[in-house]
Amino acid sequence: MIPKYNPEAIEKKWQVRWEADDLYQVDENSKRPKWYALTMFPYTSGDLHIGHWYAMAPSDVHARFKRMRGYNVLHPIGFDAFGLPAENAAIKHGIHPYTWTMQNVENMRRQLKTLGAMYDWRRELITCLPEYYKWTQWFFLKLYEAGLAYRGEAPANWCPKCKTVLANEQVVGEGHCERCNTPVVRRDMEQWFFRITKYADELLEYEGVEWPERIKLMQRNWIGKSIGVEISFGLDYENVDEKEIRVFTTRPDTIYGVTFLVFAPEHPLVAKLTTPDHEEEIQRYIERARSQTEIERLSSEKEKTGVFTGAYAINKLNGEKVPIWIADYVLLTYGTGAVMGVPAHDQRDFEFAQDYNIPVHVVIAPEGWCGEELEEAYIEAGTMVNSAQFNGMSSDLGKEAISDFIEAQGYGKRTMSYRLRDWLISRQRYWGAPIPIIYCPKCGIVSVPEGDLPVLLPEDAEFKPTGESPLEYCESFVNTTCPKCGEPSRRETDTMDTFMCSNWYFLRYTSPGYDQGPFDPAKLAYWMPVDQYTGGAEHATMHLFYARFFNKAIRDLGLVNFDEPFTRLFNQGTIVMERQKMSKSRGNVVNPDEYVAKLGADTVRGYLMFVGPWDQGGGWDDSGISGIWRWLNRVWALTLEGQDTSELPPMDQAMVDQLRRQTHKTIKKVAEDIEKFRFNTMLAALMEFTNYLSRAREGHSVTNAAWNEAIESLLLLLAPTAPHMTEELWERTGHAYSIHTQSFPSWDSELVSEEQFTLVVQVNGKLRDRVTVAADISEHEAREIALNRERVQAHTDGKKIEEMIYVPGRLLNLVVSK
RNA sequence: GCCGAGGUGGCGGAAUGGCAGACGCGACGGACUUAAAAUCCGUUGGGCUUCGGCUCGUGAGGGUUCGAAUCCCUCCCUCGGCACCA
């Protein structure tokens, strides 16, 4: 009798053994090529849920596979530990954010260890510990010294009742505070920014990296580069200093069709230009616009609204006086915060003009246009009309000609505009890395000297609902002296956006505990850049984008010498529960622990990979998990039963040959699928192989070399997916510890080449017959065979064969007519 | 709304220009059992069938092609992101 598969005992046993033997520790002293396999580190929200395992298990399989393929694999883990949820827990449950976070870390670490991943735990890092955030602050100072950090004004969500800044997540319904339901307002504050826009053009390029097209596309659209012209319109007002206003347009060819200008409601010139009779209305409109979210403002579905300021500007090209409006769909952050309105050739302007009775001047004639009114904006190219000396030109040529003219006259210049905005990193919160800046009444803004880092978070902060960071009320923290002149000064009390912490954690993994800098340059040079990064696609325009910017910034400081931090990227899909992304804050989490306790980590790992393509994610449903459990039990039994001595007859040569072919075909399929993250079909191939082996051994003794090769290969192919069970079986089948230091099997190309294939015969595209034929059959032979088949003749008799389409190795399609 | 991805049996999915439904779940039938669980064997998209097959079928509609789940156009639905959740 063979023993039962008991994952509970097996998994714990091997986890202890691997840890005791340092099986997964790696260093730089290896003859193997390096491979840095990075998984996005989890946020310390509480328990790990099944969504975390969905990210971790397959990436571990890939890392293990790379190790078996001969690489020196670094596969580290850590915790993203600063952020809003810890502070919310502090306010709600009176627990200190540090305590809350570290309890979560401890729990998540315990859960992660049950996964059986090959993490090198010596390298674990936690971003909220001073030994880590010291260097987050150090990087801030480096960026500040390089002129990449600056102070500027930006609005924040403000609850007037709670007197606190709210994250977007805390604004619920139609702009209400989640705690007291008070309408949220926007309040301007002095805050810190990183100059990410300086790298906009370089961030559009992906030199030497293999990233999914869809992520690159999202980032490119996020940057939103447009090529166009900045044109100035004249202003003639005694009480206004500015004598002109510049607008950005991608359509200089439509400049003669401008019938109005639109300013963002927040534009600083609005107050000066508005005439007294329009002041009240303008003021009301500005307030309303500021209470709206950007998504609402930019919705092309909702009705366009706007208000006339009473002021006019001059179109310098034709001397026309055009009214100046304000409208919420114009954003101060894009272009110059003002746009020209050309209703004839822009749909949004067209709708706006219709609503407010603004004239429509056609300047690009559609084909066959005879001066009639337009039903909708004509946005295509055409022939220029009503455009002075440019009449008769194609609009494509006109674009260049008018740009030249504008530049020659000094009315403006060709330029680029970007949707991308600088990165606001200030948070009026406690649980983040303090920004290491001191405000001195004499010296102004002063950096904290490097030797004084880290600027520690005070332990005794209070979490009062005021608009300021809790640090503001912590006298021992705020009050300090100027490092330059010694005068009493105040510290910056805002902390940094947590995306700053995740900008460089993967650099720290290369040399944890290093205290001469954020990383040991020699070790960094060995491991970086990351060879394979995996994580959720929801980070496309946030973390993955910030990290690229940060890398380029520190490269220009000479700290690293590569242009991109992540050479290959793979984004797994999202596990959805109750139609939403699984997350603690949504309260729709499923904990993996009970599945692990019942069926073992190997089954859970396998099931998460089997449910579908990894990049697709999907709804969580555990109904199929027993399939993996049953399969692993069959593998267990198949492996151990084979060792029984048997008096059955041996396999004949044909069976042995077929067994070897199946083994090698499976090796090839599994290797290629893991390499490309196609785990679901990889497991299907292993299941088919298991089914095949079960049948093959029926009625035969299995004491031959081919059988041993098959079983050995099966265990090795399964080792990355089910590391515990295969380690146990490896030992029980008399192999030396450990299966995880073995090489991945390779396949014999002769054994995987097909000798025969199934020729599909179609008549008019419909399947009519199948014939097994030799792999090297000629087209002529294929035709002969097909035409002689009864089933084919039934559909061709009495009809004329017009054409025969032959696809070698696949099919023959007979095209017939009546 | 904008940007990105997706929609195939009762369910998860396979097939990405050439055999639709691999593999697994579930369901049904059988074996074993006093019984159940577990395990093993078989059947399983719909309709028709003389049991040889025929026919319909991949969100909806149209198109390209000898041939479309796959490519193109229009529409519908779902998911992720939209700059302070991370």
Side-chain angles (χ1 to χ4, degrees), chain A residues 40 42-45 80 82-85 88 156-157 165-171 196 212-215 217-222 224 293-302 333 419-429 497-499 502 536-543 545-546 571 573-574 576 579-581 583-586 607 610-613 615-619 621-628 630-631 633-634 637 680-681 683-688 691 694 758-767 769-770 790-791 794 802-805 807 809-816:
Chain A
M40 288 180 189
Y43 177 71
T44 51
S45 53
D80 186 16
F82 272 139
L84 183 66
N88 284 342
N157 299 317
V165 170
L166 299 176
N168 288 341
E169 194 189 49
Q170 298 173 300
V171 180
I196 195 167
E213 281 307 317
R214 67 175 204 272
I215 301 292
L217 201 54
M218 276 191 265
Q219 292 197 347
R220 288 202 179 106
N221 290 339
W222 185 254
T293 67
E294 214 160 281
I295 293 172
E296 288 164 349
R297 285 177 61 162
L298 293 176
S299 168
S300 53
E301 193 81 327
K302 69 152 200 183
T333 50
R419 211 186 70 95
L420 180 68
R421 307 203 286 262
D422 276 339
W423 175 17
L424 189 159
I425 59 147
S426 290
R427 299 290 180 268
Q428 295 71 40
R429 305 246 164 74
D497 180 357
T498 52
F499 281 121
S502 53
E538 69 268 26
H539 293 289
T541 54
M542 308 296 288
H543 162 64
F545 190 67
Y546 291 134
N571 297 104
T574 316
V576 173
R579 318 195 83 165
Q580 277 192 310
K581 186 170 99 174
S583 81
K584 183 81 183 291
S585 58
R586 290 196 178 96
Y607 182 58
F610 188 62
V611 290
D615 59 358
Q616 241 170 268
D621 173 10
D622 63 9
S623 64
I625 198 167
S626 56
I628 299 292
R630 291 203 277 251
W631 171 56
N633 274 281
R634 282 200 298 274
N680 57 330
T681 50
L683 289 170
L686 281 175
M687 287 176 187
E688 281 180 84
N691 293 343
S694 300
T758 305
L759 177 71
V760 168
V761 185
Q762 296 179 337
V763 178
N764 285 347
K766 282 196 201 299
L767 171 77
D769 203 359
R770 284 181 258 247
E790 242 177 77
R791 287 175 168 193
E802 309 243 315
E803 209 180 336
M804 285 192 260
I805 290 152
V807 183
R810 283 190 189 274
L811 62 63
L812 183 70
N813 186 16
L814 308 175
V815 184
V816 303

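Numbers restart at 1 for each chain; the letters A, B, ... are given by sequence-line order, proteins then strands.
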Encoded 5' to 3' (Watson-Crick or G-U under 3.5 Å; [ ] crossing; | other strand), RNA chain B becomes (((((((..(((.....[....)))((((((.......))))))((((....))))..(((((..]....))))))))))))....
I want to verify a distance call: between [options], whose nearest atom is closest to the [X] side chain?
| X | options | result |
| --- | --- | --- |
| A/Arg421 | B/G24, B/A83, B/G4 | B/A83 |
| A/Arg791 | B/C23, B/G53, B/C85 | B/G53 |
| A/Ser623 | B/C25, B/G18, B/A22 | B/C25 |
| A/Pro613 | B/G18, B/C3, B/A14 | B/A14 |

Verify the contact: side-chain N or O of [X] to OP1 or OP2 of [N], cut-off strictly under 4.0 Å; return yes or no.
| X | N | result |
| --- | --- | --- |
| A/Asn691 | B/G24 | yes |
| A/Arg427 | B/C84 | yes |
| A/Asn680 | B/A14 | yes |

task: Establish whether the base of B/C84 is bridged to the side chain of A/Asn168 by a donor-acceptor pair shorter than 3.5 Å.
output: no
_Taking atom types as they are modelled, would you say the side chain of A/Gln428 forms a donor-acceptor pair with the base of B/C84 within the 3.5 Å cutoff?_
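Indeed there is one.
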Notebook entry, point to check: In terms of heavy-atom contacts, does CZ of A/Arg214 have more than 12 from other residues, nucleotides or ligands at under 6.0 Å?
Noted result: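 Above 12, so yes.
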Which residues satisfy the side chain to side chain donor-acceptor pair (under 3.5 Å) test with [X], sequence neighbours excluded?
| X | answer |
| --- | --- |
| A/Arg421 | A/Glu294, A/Thr333 |
| A/Glu538 | none |
| A/Asn168 | A/Asn157 |
| A/Glu213 | A/Lys216 |

Please list each protein N or O that sits under 3.5 Å from an N or O in nucleotides 54-58 of chain B, with the distance.
residue: B/C54; atom: OP1; partner: A/Arg768; partner atom: NH1; Å: 3.1
residue: B/C54; atom: OP1; partner: A/His795; partner atom: NE2; Å: 3.3
residue: B/U55; atom: OP2; partner: A/Arg768; partner atom: NH1; Å: 3.1

